[in-house]
Structure formats: C-alpha cells, structure tokens
Enquirer: 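One structure, pasted below without further comment.
Read the numbers this way: they start at 1 and go in the same order the structure lists the ligands and their atoms. Keep in mind the model is a prediction, meaning the values are calculated, not measured.
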Amino acid sequence: MTTDQAARARAKRLREQIEYHNHCYYTLDRPEIPDSEYDRLFRALQDLEAQYPEIKTPDSPTQRVGGSPLAKFAEVRHGQPMLSLDNALSADAMADFDRRVRERLAREGEVAYVAEPKLDGLAIGLRYAQGLLVQAATRGDGLRGEDVTQNVRTIESVPLRLSGDDWPPLLEVRGEIVMPHAGFEALNARQRERGEKTFVNPRNAAAGSLRQLDPKITADRPLAFLCYGLGEVQGHPMGDTHSGNLQLLEAWGLPVSSERALVTGLEQCASYFQTMAKRREQLEYDIDGVVFKVDQIADQQALGYVARAPRWAIAQKFPAQEELTQVLAVEFQVGRTGAVTPVARLEPVFVGGVTVSNATLHNMDEVQRKDVHIGDTVFVRRAGDVIPEVVKVLLERRPRTAQVVQLPTHCPVCDSEIIRLEGEAVARCSGGLFCPAQRKEAIKHFAARRALDIEGLGDKLVEQLIEKALIENPADLFGLSVETLAGLERMGEKSASNLVAALDQARHTTLPRFLYALGILGIGETIAANVAEACGTLEAVMDLRLSDLVEIKESQARRLHQLLSDESELPAQVEALGPRDGVKWFNQVHAALLAERFACTVDLLAADPLKLANTPRIKIEGVGDLLAEKLVTFFRQPHNREVIAKLQAAGVDWPEVQPSTVSAPGPLVGKTFVLTGTLSEPRPAIKERLQALGAKVTGSVSSKTDYVVAGSDAGSKLAKAQALEVEILDEQGLADLIGDG
Ligand code: D41
C-alpha cells in the first residue's frame, strides 16, 4: 500500500468512528466515549486531512460541525448561523489568540474582552417577536436545528414574555440549556428508583430532557437557561458593546450568567481563567472552560469569521474531567472503621489536571450496579478535589478475559472474616481491636469519655503510641510505664505520671462501659447497657449463641424443611444456604443460626422439621437478628477473646451488675422517625437502635413525624419531609442526636 492509500484507509476508519459517536451523542443522547476521546479522534482526522489534502471528502465530519437534526422534531433554519467556537487548549494558545486580535485590529494597547464561564450544556436560540417567545431551536449543524419550542416553554428561567418595551420587534437570543447539579442528582436518584437508565453527566441529562417528544417529561426535568449572545435582530439597533448587550438582555428579564466580567489584556484573561477554575466547584452548573469575546461590536465586525467560527471569540478549556482508561485490578482497602472498600487500580491517565491511577468503587453494590470487571475500559471522572470515580463501563470494549470482582472473604490486612449483612451496602472487617487498619480508631474509642474514660489519652497520643509500636491493643495501655511515656513528643514527666494514674483509675469501670468500649459494630451505649442487664456477667455475654437470641417460628421451620427437601442438589454446609428466595424471612442470620445447631444439611434434613424451630432464651431490648449476629461474631473471634483475657489480666474489672442500676426509658420516647435513602447501615439495624432508645420508626412521612433520617439518593420521602418542614437528619446528624459515633 502506498502512504496515500494508507492515509485514505485510516481517514475512512476515523470518519466511521466519528460518525458513529456523533450518532450516539447527538441523536441518541447516549455517548459511549468521553469528549476528550472524541476530540482526539476528530483532531487525528483533521491532522490527516491537513497532511494529505487530496483525501479530504465533502462529507467528512471535519466539513461540518455538530450533528444532523433528529427526524422527529420539525426542522428550523437559523436566521443567522449558530457559529462554533475555536478552542484554546493551553495558555500559549490563548496568548496566540490575543496577539492575532491585536494584530488584525492594529491595536497598540490591550483589548477589552468579556469573559464568561463556558456552560457545559446545549446551545439554543430563542426567538422573541414583539416581546413574545415564538420559537426555540437547538443548534443542530449550525445552519438547521430542531424546533423544541414546546419543551423550552416548560423551562422556568426562560421568559415567555420580555419585560420592558424597548426591545427590538424581532430578537433572537442565544444561550445554553443546562441542568443544575442538585437537579441532576435528584433526577438520577429518581431514575434509579424507577429502574430507568441514569445519565452519565448533567449535559447528557439536559440533552435527553430537552429532546423529549412529550413536553410533559421535559416539564418534569430540572432545566435552566442562561444566555450569552444574540442571533438575528430586526427593527431596532442593539448596543456598541457585547457587555452592554448582555446588560440589555438582563434588563428584559433574560437570565445572563452573573459570573461574567469585563477584563482587559491577556494578564486579566489569565487571572479570570484561574479564578473560574477554582470557582467551578461552587457553581450550580457544570462549566468546561471560559469564553473570551472582544467587547467592542465594531471590532468584532472588523475581525470577522474563519469558516464557522468568529475570530473575535475563543473558548479556553479546563483540563478534561473525564477520560477513558483500563481497570488493571480491584483491590480492597480497610478503613479505620473496618469498612472494606473496593478500589480500582487503573492504567494511569491524565484527567482533571492530574494523573490518576486509583479510583474508588465505593462498595460492592456500586461495583454490581456499574458492572465493573477487571480488564474493563471505563470512564474515569475527577472533578476538582473530588476523589476520582469510575463513572461507567464501556461494555463494547470488554475483553473476553475480563474478570468478575469478588468481595474477599477475609480482611486483606488482618485476615479476619469480612461480614456483609443483607441489605447493607458496606462490608466490614470483623477484626475490630485486632485489625491493624482499625487499631487507632478502636483504641481511641476504648479510651473515650463514654467508654473507659482514660483522661489525658488524646487522639494524637494514641497515634504516636501505635506508630512507635508501643501498643497494639487496648490491653497494652495498662502496661505503659512513666519512663516510656515521658520519652514521647509533647509529654513531660508530669503528664506521663498523670496518665499512668488515669489508667489505674480507668481500670475500675462498669460492665456496660466495658462492652461499649470494645467497639462492637452497632453496639452503642444503650444497647451495651441492655446486654449487660440481660446477661449479668461478661462470661454470659461471651457465651451467647445465636440460638439464644434469634427466633425461628414453627411455621417457618416447616416451610424451610419442605423447601430444602424439594431441592435436588443439597449444599453440603448449612452456611452455604444463604438467603432463600422461596422463603422471604429466611436470611443470613437464620442460616448462621442453623449452622450453629446442625453440622450439615444432611443432619438438618434428617431431623424432625419442628427441630428447625428455635425459641430464643433471652430477649435483649433493641437487639434484633442483625445485632445478635454482630454480637455473637465478635465474641467468637479468638483474637477478641484474647484481648479481653489480657484486659482482665491487666486488672480491668467492674462491680456486679445490679438489675436496678440499668437506666430506664430511652431519651427518644414519643419521637417518631422515618428512614429513607441509602444509609451506611441496614435500615433494620438503625431501626432497632432507635427503638432501643424508645423511638417509633414508621414507613411514611406525615405531620406526626419528628425526624426524617435521609441517606444518599433519598427520594419522595425527603421531598415530603421538606414540604412538611419535618426536621431532616443525615447520618452524622442522627449520630449526634443519639450520642453515638
Ligand atoms: O457558555 C457557553 N457554552 C457559550 C457558548 C458562551 N458563553 N458563548 C458562546 N459564544 C458563541 C459565539 C461567540 C459563537 C456566539 C458559545 C457559543 N458560541 C457556542 N455554543 C455552542 C456552540 C457555540
């Protein structure tokens, strides 16, 4: 093949790819690749055609900008073409722009520019005749767009009638339709709730919303409009400057970005660009750069146009926030509270101004929802200081060798069992006191005021002690000497001996405090007190079995036995039973309970069906099935038992529990709660905890509701609570209220 033929073949391939992605982007509103990737393809084709002009074709995508209008909307010819904007991808390119402007205008001094944030939305033209909105059209290919008047009429920030009376009889304004962040999040939450597709980013959501054939759907979508310029104007001259024209538009009731500024010279352009790059996070809408426009209209006219872009305007883009890369592996990190988080190790990629090689996958539900496999090509997004995130998988590019991500059964740090309860998004290491990843937090908690109350043992000190390997677990605290402590940073002889004295005092505690201090998942002060009261001694607590606490009714036993007998293939171990579809109530805790009582499924089936039933021996207020499992699991771990033995050997003790000393009704008696959205613990667990404090937990919000606890993606209940002005708490707010965490 000659070079020419090779170039032709390559150009053909690029054109096909570009056309395909144009279709996904403009017609389906469902881009498969990030803009940065698209831009690369486009530039590659442009470069190729520049190098071999003879291979250029009239229908090459480089010969037109934008997409062809969708058949379903009526076509609109723009009275004046909707131009495109040249990009400056660097400060140098920006300096070139300013130099060209000054040269063409033969200007000695600096040029005044209007600087505007570059809104990342959909370009639109609105026509007002005699002050009334008569037509709204998308940009389309710049010459012809789609008539979306009915849809645009539903957008609140678009005035249907202009204010005042000094507007031109025919006025076309140009602007962008955007979806504010808050509305975008709410829309995606709603889509998820209804099992419908979610949008990758606000721009796609805005596009998808505007191009609905049913205006009622658009009306329901949180869109906004901001204008940045003029199209066709008849019958009445406009001002001499762009800044003046924007002011006029504003006076007629049209929304114009309040972020705009009038800057003079390149230096001020650069500083506006820097400021906006930082302010970007705080804005209600996505922006992807700054647009600079020569302010004087006479100068604009003198400068004119090249191809489809004005010479008097330029878009300086921020670094792309979305890129494509590959998932090399998925590792699991253990946080200080034991939460096990999947993290994608990525082929390093430059995104949002930095090189990213890791991205959080949050939790296993997210991994499943996004369907991330090892080996996948993914969209990675990094917005500002936000932690990089895997947004979406490109299923078309999944290799055959892609591997499913699996939650490890054991902690990568301490090898303890990882537990993830049904309905709970977060998996946790059960290592607690033993897990090095959790040590610092566990010991801080142990020493806290409401736990062992060790005075003078602050967070900083705990960190030092662990980093210097002077302690590994709470029991080691009691072996610290004045000499050892006095050698530490910011510790004198005096404070060291004070601390040793405080430790001596803290040894003598109460059983509820001791149980609370162990930092067992879900066991707050109130539950700890209830457990202490119900069991009386630590030994009794440590000997608890699930069968002491969890009920399986006779009817349930019969049903389960029957279901298992019907199954042809039996799992060897009862624990492998897991939750059963056919029996709604049968959960992980019940499976664990049966595993405690029967060695294998064969034994279980040989037993009389009623033997599967279980009557709990003890009822501990506030301890439902989920907490029961957490409690029993904690005390089953040998390393936890070891630390407890060491603590007792170090002289930690408490008076016998007097049933009467246990506190009476909870602080939340008479309060009604509603839980909504995704919370970091299963709702039943939170419900149990609230009930233990005397609260009522109901399913729907009414004027009788005292608090709504809203997690992420909270939907209609949250909206209702806001409408009824019910107090809304996030998880931290709840923790503060109930004095937990
Ligand atoms: O905020 C924007 N996205 C924006 C887009 C803006 N602030 N100004 C713009 N100015 C123009 C010219 C100078 C050509 C009138 C634009 C656009 N054009 C534009 N938007 C989409 C294509 C072109």
Enquirer: Among all protein heavy atoms, pick out the one at the shortest distance from atom 7 (N) of ligand 1; state its residue, atom name and that distance to 0.1 Å.
Expert: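 Answer, as residue, atom name and distance: E116 OE1, 2.8 Å.
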
Enquirer: To check your reading of the model: name the closest protein heavy atom to atom 20 (N) of ligand 1, its residue, and the distance in Å.
Expert: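 Going by distance alone, atom 20 (N) of ligand 1 is nearest to Y228 OH, 3.2 Å.
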
Enquirer: Could you list the atoms of ligand 1 found under 4.0 angstrom from a heavy atom of A313?
Expert: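 With A313 as reference, the close atoms of ligand 1 come out as 13 (C).
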
Enquirer: Going by an N to O cut-off under 4.0 Å, is there a salt bridge joining R144 and E75?
Expert: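 Yes, this pair counts.
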
Enquirer: Which heavy atom in P31 sits nearest to a heavy atom in F379, and how many Å separate them?
Expert: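 In terms of heavy atoms, the two residues are closest at O-CZ, 4.5 Å.
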
Enquirer: Can you tell me how far the CG atom of D120 sits from the CD atom of E176, to the nearest 0.5 Å?
Expert: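 With rounding to 0.5 Å, CG (D120) is 8.0 Å from CD (E176).
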
Enquirer: Any salt bridge between R280 and D286, counting N to O under 4.0 Å?
Expert: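 Answer for the salt bridge query: no.
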
Enquirer: For ligand 1, which is the ligand I care about here, please tell me if S84 has any N or O atom under 3.5 Å from one of the ligand's N or O atoms.
Expert: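 N/O-N/O distance below 3.5 Å does not exist for this pair.
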
Enquirer: Against heavy atoms of L83, which atoms of ligand 1 measure under 4.0 Å?
Expert: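 It comes down to these atoms of ligand 1: 14 (C), 22 (C), 23 (C).
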
Enquirer: Answer yes or no: is there an ion pair linking R308 with D86, defined by an N-O contact shorter than 4.0 Å?
Expert: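 Not counted as a salt bridge, because no side-chain N and carboxylate O are separated by less than 4.0 Å.
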
Enquirer: Is the shortest N/O to N/O distance between E176 and ligand 1 below 3.5 Å?
Expert: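 Min N/O separation from ligand 1 is below 3.5 Å for E176.
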
Enquirer: Strictly below 4.0 Å, N to O, side chains only: are R381 and E322 in salt-bridge contact?
Expert: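 Looking at E322 together with R381, the answer is yes, because their closest N to O distance falls below 4.0 Å.
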
Enquirer: Specify the closest pair of heavy atoms between P159 and P255, including all atoms of both residues, with the distance to one decimal.
Expert: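 Closest heavy-atom pair between P159 and P255: CD-CD, 4.1 Å.
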
Enquirer: What residue and heavy atom of the protein are closest to atom 18 (N) of ligand 1, and at what distance?
Expert: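 Closest protein heavy atom to atom 18 (N) of ligand 1: L85 CG, 3.6 Å.
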
Enquirer: Using a 4.0 Å cut-off to any heavy atom of K293, which atoms of ligand 1 qualify?
Expert: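 It comes down to these atoms of ligand 1: 6 (C), 8 (N), 9 (C), 10 (N), 13 (C).
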
Enquirer: If the cut-off is 4.0 Å to any non-hydrogen atom of W312, which atoms of ligand 1 fall inside it?
Expert: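 Counting from 1, the qualifying ligand atoms are 13 (C).
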
Enquirer: Give the numbers and elements of all ligand 1 atoms closer than 4.0 Å to a heavy atom of P117.
Expert: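 Listed by number with element: 1 (O), 7 (N).
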
Enquirer: Which residue holds the protein heavy atom closest to atom 3 (N) of ligand 1, what is that atom called, and what is the gap in Å?
Expert: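 Going atom by atom, the protein heavy atom closest to atom 3 (N) of ligand 1 ends up being L119 O, 3.0 Å.
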
Enquirer: Can you classify the ring geometry of F97 versus Y113 as parallel (below 30°), tilted (30 to 60°) or perpendicular (above 60°)?
Expert: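 Aromatic pair F97/Y113 classed tilted.
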
Enquirer: For ligand 1, which atoms sit closer than 4.0 Å to a heavy atom of R139?
Expert: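 Contacts of ligand 1 toward R139, numbered from 1: 22 (C).
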
Enquirer: Which residue holds the protein heavy atom closest to atom 21 (C) of ligand 1, what is that atom called, and what is the gap in Å?
Expert: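 Scanning the protein heavy atoms, the shortest distance from atom 21 (C) of ligand 1 goes to A123 CB, 3.6 Å.
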
Enquirer: Measuring centre to centre across the rings, with the benzene-like ring taken for any Trp, is F273 within less than 6.0 Å of F292?
Expert: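 Centroid separation for F273 and F292: 6.0 Å or greater.
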
